[in-house]
Amino acid sequence: MRKKWSLLTALALAAGLLTTAPPAAHAAPRAEPAPRATVAADTYTWKNVRIDGGGFVPGIVFNRSEKDLAYARTDIGGAYRWQQSTKTWTPLLDHVGWDRWGHTGVVSIATDTVDPDRVYAAVGTYTNSWDPGNGAVLRSTDRGATWRTADLPFKLGGNMPGRGMGERLAVDPHRNSVLYLGAPSGNGLWRSTDSGATWSKVTAFPNPGDYAQDPSDTSGYASDNQGVVWVTFDESTGTAGQATRTIYVGVADKENAVYRSTDAGATWSRLPGQPTGLLAHKGVLDADSGRLYLAYSDTGGPYDGADGAVWRYDTKAGTWQDITPDADPYYGFSGLSVDRQKPGTVMVTGYSSWWPDTQIFRTTDGGSTWTRAWEFTSYPNRSDRYTMDVSSSPWLSWGANPSPPEQTPKLGWMTEALEIDPFDSDRMMYGTGATVYGTEDLTRWDTGGKITIRPMVRGLEETAVNDLVSPPSGAPLISALGDVGGFRHTDVTKVPAMMFTSPNFTSSTSLDYAETKPDTVVRVGDLDSGPRIAFSTDNGANWFAGQEPPGVSGGGTVAAAADGGRFVWSPAGTGVHTTSGFGGAWTASRGIPAGAVVESDRVDPRKFYGFKAGTFYVSTDGGATFTAKATDLPASGNVRFKAVPGRTGDVWLAGGTAGAYGLWRSTDSGATFTKVPGVEEADTIGFGKAAPGASYDTLYTSARIGGVRGVFRSTDTGATWTRINDDAHQWGWTGAAITGDPRIYGRVYVSTNGRGIVYGDTSDTGGPTDPPDPTDPPVPAACEATYRVTNQWQGGFQADVTVRNTGTTAWNGWQAGWSFPDGQRVTQGWNATYAQSGADVTVAPAGWNTRVEPGGTVAFGFTGSWSGTNRPPTAVRMNGAACTTTAPTGTATAS
């Protein structure tokens with residue numbers, strides 16, 4: 001467990017996450033189609049490798065008209081809906097794709113009390129250049145099962161400072177077509193009057209905020225104006241179908257924190273008499289009593305905060321009262337909730353009380369008196385009003401053995417979300433930096449008993465994954481993760497007992513095992529003051545720290561020799577080093593630049609590889625000296641490479657940026673590389689068990705092939721590829737790591753940046769499938785189609801079409817088609833055969849993509865000619881049936 005972080009540490013964490021964050025999207029215009037690989041489809045079942053939690057949950061929202069309907073938002077890992085029957089969380093944003101990875105950061109979520117089927121999410125991860133896309137408001141009429149998008153003309157910051165304030169997004173409880181959104185970056189207050197389809201700025205709102213965590217930060221991360229941070233309706237001032245008259249809005253401005261409208265948002269004024277000098281993190285109204293409760297802090301959080309207050313505003317009398325539960329707080333207040341069954345019962349958290357623990361306060365008399373979750377008896381001893389049961393997620397103890405007054409597991413940290421169930425006074429949930437905790441016997445607090453707090457987090461997976469390995473024996477998976485270090489996963493369906501300890505890195509950045517001695521494992525990571533390398537001789541079950549060469553400041557990358565006798569480490573802060581044994585003494589490697597990515601040959605224990613800035617390096621003396629080899633490789637962008645088990649000198653390299661982006665292979669230890677044709681972009685490469693009848697490892701990659709971004713598999717050394725995920729399972733950015741399982745054909749482990757580790761198992765046996773009978777007529781198809789113009793020039797254009805099988809049976813033969821509305825003509829196509837008669841276009845399989853499994857997709861594209869206008873077809877047909885049409889990728893829509 002870590003004590004209170006400084007601002008510098010928090011920014012370092014943000015920058016550390018950025019090292020593996022998604023790159024900006026690149027779209028190079030071209031008039032001619034790129035070569036396309038043959039792409040088939042396979043049906044996979046996807047699940048999470050269970051960790052349960054692992055990241056910050058800044059928001060929990062209960063619906064106030066339907067019991068047991070609740071949502072949680074995360075800063076980088078999407079949104080979730082509570083499933084009461086199983087007491088689990090269901091992920092709602094796994095459909096977010098690579099090109100819009102920023103939509104996995106959720107800055108606010110709102111559930112509709114008039115129509116509980118409706119839910120909204122304000123999405124976008126960073127307001128600075130780290131996220132190239134603007135924010136959006138997603139809207140759903142089926143509780144998050146499907147979504148429609150309204151793009152915004154500004155960015156949102158689900159992972160920015162101040163993300164625990166809120167909720168920024170709110171639905172009018174009487175006229176539910178009206179929503180408000182508080183925007184960051186000086187963009188003010190926004191409103192929708194058509195259930196989130198379109199948005200416009202509330203020009204009458206007078207204050208866009210002025211608070212930034214660190215105005216001098218040149219990255220734009222800490223210097224961004226945190227803006228308008230919460231919206232609260234007074235439901236006592238409205239009637240069904242009419243807009244609520246009185247609305248309160250919180251602003252990141254220490255002198256002018258709270259505003260009010262009494263005419264349904266037409267005019268606004270600063271609430272008179274309000275306290276100054278602090279930021280109002282939350283504003284929660286108990287309409288029955290007419291009391292507005294506010295939690296204040298001196299900073300925006302979620303890490304920092306050294307002062308705070310709690311105030312109560314009587315909306316009927318217009319009077320303020322300071323009800324701060326601590327006479328001299330050294331922390332800020334944020335998590336705030338009222339008991340809707342018991343007016344006057346309120347709870348608030350001291351979210352930034354890192355040491356010795358977070359604090360939770362409760363009052364049953366509107367704040368006149370308070371009780372604490374824990375308090376000192378005789379220092380350092382303390383008395384707790386709760387017991388912690390983390391048996392379902394035992395790693396939450398962090399393997400710690402602290403001295404009093406600290407305890408393990410901790411009550412929490414970064415506790416900016418706390419909600420009492422509006423239908424059940426005994427149930428309360430609160431978010432922390434690592435999990436969701438809750439209790440179902442909360443009222444025992446008031447009678448002198450102890451409440452039981454347990455993780456309520458199953459199904460919510462929020463780790464950021466930096467590296468993965470699947471050894472041929474021992475644990476099937478070992479992971480390197482941000483914030484929680486990593487785990488040895490002996491059973492991917494169960495929560496590991498403990499993360500890596502001895503040492504426990506803040507974040508693990510790289511790991512490797514010895515190919516012929518897989519019990520030997522090495523990992524490296526970040527830690528404020530070392531050690532930053534650790535070794536295991538029992539397949540990662542136990543660890544011991546190694547020594548460091550001088551100058552190390554971070555984990556970097558590490559490689560283990562095939563026989564486990566040597567290690568090569570490329571840490572942050574200094575150059576590449578090699579050691580024999582377990583890091584007792586390090587020798588600087590020669591001939592390779594600092595910061596190079598390093599890997600080992602999986603057969604020759606003396607051979608190591610490195611890469612940096614377009615040049616591939618090879619060592620044949622255990623890492624002592626490296627020689628530059630191939631130089632015709634991507635000079636920029638994230639590049640990752642791996643050597644194939646059992647084949648010396650066989651190396652695959654993925655990565656790059658526009659102009660030099662794709663997948664390369666070397667069979668001569670990096671002396672030369674050949675680009676794999678048809679792979680337009682690739683960011684990871686991994687190997688798994690060979691398919692039945694094949695002699696070469698199965699390849700896996702996160703890539704763009706055939707014009708489609710996805711996770712792909714090849715069983716024939718890259719000659720053909722199968723997309724194995726589908727549009728419902730994309731998980732934003734998957735570019736950090738991938739590996740197959742050497743023991744189970746078809747199993748693949750995929751990294752995400754906030755949705756944990758996902759693994760897939762195939763329904764494909766690896767053998768041939770029956771060819772379609774050409775005499776069989778196509779059957780009508782249940783389908784969903786996207787038609788996207790990807791490039792346009794005078795008189796010509798390029799388009800991609802993707803059709804998904806939404807039915808329950810495979811298409812063993814298909815025929816697509818559409819009618820051009822403006823006389824366009826197809827001039828050249830790929831991944832299919834084309835015929836055109838007048839305005840009507842008919843598309844047939846190319847042979848290799850004849851079969852499309854349920855949930856699978858088929859993608860094809862073409863160049864065409866146009867004059868006058870170039871409107872898209874109104875519908876795409878499959879086997880004679882019109883497909884449901886989805887919005888073109890990358891195109892703003894307010895449909």
Side-chain angles (χ1 to χ4, degrees), residues 23 26 28 30 34-39 98 467 557 559 570 592-593 595-604 607-619 626-688 696-723 734-740 748 751:
H26 297 274
R30 58 179 185 265
R36 306 287 172 132
T38 55
V39 182
W98 181 278
D467 204 1
T557 58
S570 179
I592 187 171
V597 178
V598 294
E599 296 284 353
S600 67
D601 191 86
R602 310 313 286 180
V603 177
D604 185 344
K607 189 177 291 186
F608 288 85
Y609 306 110
F611 176 87
K612 187 176 183 182
T615 300
F616 197 81
Y617 299 86
V618 181
S619 172
F626 282 81
T627 302
K629 296 292 185 179
T631 58
D632 54 345
L633 296 168
S636 60
N638 292 321
V639 172
R640 296 163 180 84
F641 67 93
K642 293 286 185 183
V644 181
R647 297 174 182 269
T648 187
D650 196 340
V651 180
W652 293 74
L653 182 145
T657 55
Y661 202 168
L663 182 65
W664 288 260
R665 182 191 181 192
S666 173
T667 57
D668 55 11
S669 299
T672 60
F673 278 85
T674 301
K675 195 173 190 296
V676 179
V679 180
E680 297 142 38
E681 300 172 359
D683 290 85
T684 58
I685 186 67
F687 314 104
Y696 196 88
D697 282 18
T698 300
L699 306 179
Y700 298 94
T701 181
S702 174
R704 185 184 298 275
I705 302 174
V708 177
R709 251 292 171 183
V711 179
F712 291 87
R713 182 191 72 199
S714 176
T715 60
D716 54 10
T717 328
T720 61
W721 295 90
T722 299
R723 186 190 182 199
T734 54
I738 194 169
T739 184
V748 60
S751 69

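- The closest donor-acceptor contact from the side chain of Glu680 to the backbone of Gly706 lies under 3.5 Å.
- Below 30°, between 30° and 60°, or above 60°: for Tyr609 and Phe616 the angle between ring planes is between 30° and 60°, a tilted geometry.
- With contacts defined as side-chain heavy-atom distances shorter than 4.5 Å, the pair Thr627/Val618 does not qualify.
- Here the rule is side chain to side chain contact (heavy atoms under 4.5 Å, CB included) with Thr715, and of Thr720, Asp697, Thr698, Thr722 only Thr698 fits it.
- To the nearest 0.5 Å, atom CG of residue Leu633 and atom CZ of residue Phe641 are 10.0 Å apart.
- The two residues Pro634 and Gly655 come nearest to each other via the heavy atoms CG-O, 3.7 Å.
- You'll find the side chain of Thr701 reaches within 4.5 Å of the side chain of Trp721, heavy atoms only.
- A pairwise comparison of heavy atoms in Ala596 and Thr557 identifies O-OG1, 3.7 Å as the closest pair.
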**OP:** Would you please test Ile685 and Tyr700 for side chain to side chain contact (heavy atoms under 4.5 Å, CB included) and show each step?
**Re:** CA-CA 6 Å; Ile685 186 67; Tyr700 298 94; over 6 Å; no
**OP:** Check the pair Ser702 / Thr684 against side-chain hydrogen bond (donor to acceptor under 3.5 Å, both in side chains), numbers first and verdict last.
**Re:** CA-CA 5 Å; Ser702 174; Thr684 58; 4.7 Å; no
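- Side-chain contact annotation: Asp683 with Tyr661, donor-acceptor N/O pair under 3.5 Å present.
- The structure places OH of Tyr617 at 8.5 Å from NZ of Lys612, a figure rounded to the nearest 0.5 Å.
- Ala643 approaches Asp601 most closely through the heavy-atom pair CB-CA, 4.2 Å.
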**OP:** Take Ile705 and Arg723 through the side chain to side chain contact (heavy atoms under 4.5 Å, CB included) test and state the conclusion after the steps.
**Re:** CA-CA 9 Å; Ile705 302 174; Arg723 186 190 182 199; over 6 Å; no
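- Under a 4.0 Å N-O distance rule, the pair Asp467/Arg640 does not qualify as a salt bridge.
- Nearest heavy-atom pair across Gly735 and Trp98 is N-CZ3, 3.7 Å.
- With contacts defined as side-chain heavy-atom distances shorter than 4.5 Å, the pair Val639/Val597 does not qualify.
- Between Thr648 and Val603 the shortest heavy-atom distance is N-CG2, 3.6 Å.
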**OP:** Kindly indicate, with the supporting measurements, whether the criterion side chain to side chain contact (heavy atoms under 4.5 Å, CB included) is fulfilled by Tyr696 and Arg647.
**Re:** CA-CA 10 Å; Tyr696 196 88; Arg647 297 174 182 269; 3.3 Å; yes
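- Listed here is the closest heavy atom pair of Ala682 and Gly662: CB-O, 3.5 Å.
- Rounding to the nearest 0.5 angstrom, the gap separating the CZ atom in Arg713 from the CD1 atom in Ile738 is 11.5 Å.
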Subject >> From CA spacing to verdict: side chain to side chain contact (heavy atoms under 4.5 Å, CB included), Trp652, Arg665 >> reply: CA-CA 4 Å; Trp652 293 74; Arg665 182 191 181 192; 3.3 Å; yes
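- Considering CG of Asp604 and OG of Ser669, their distance stands at 8.0 Å, rounded to 0.5 Å.
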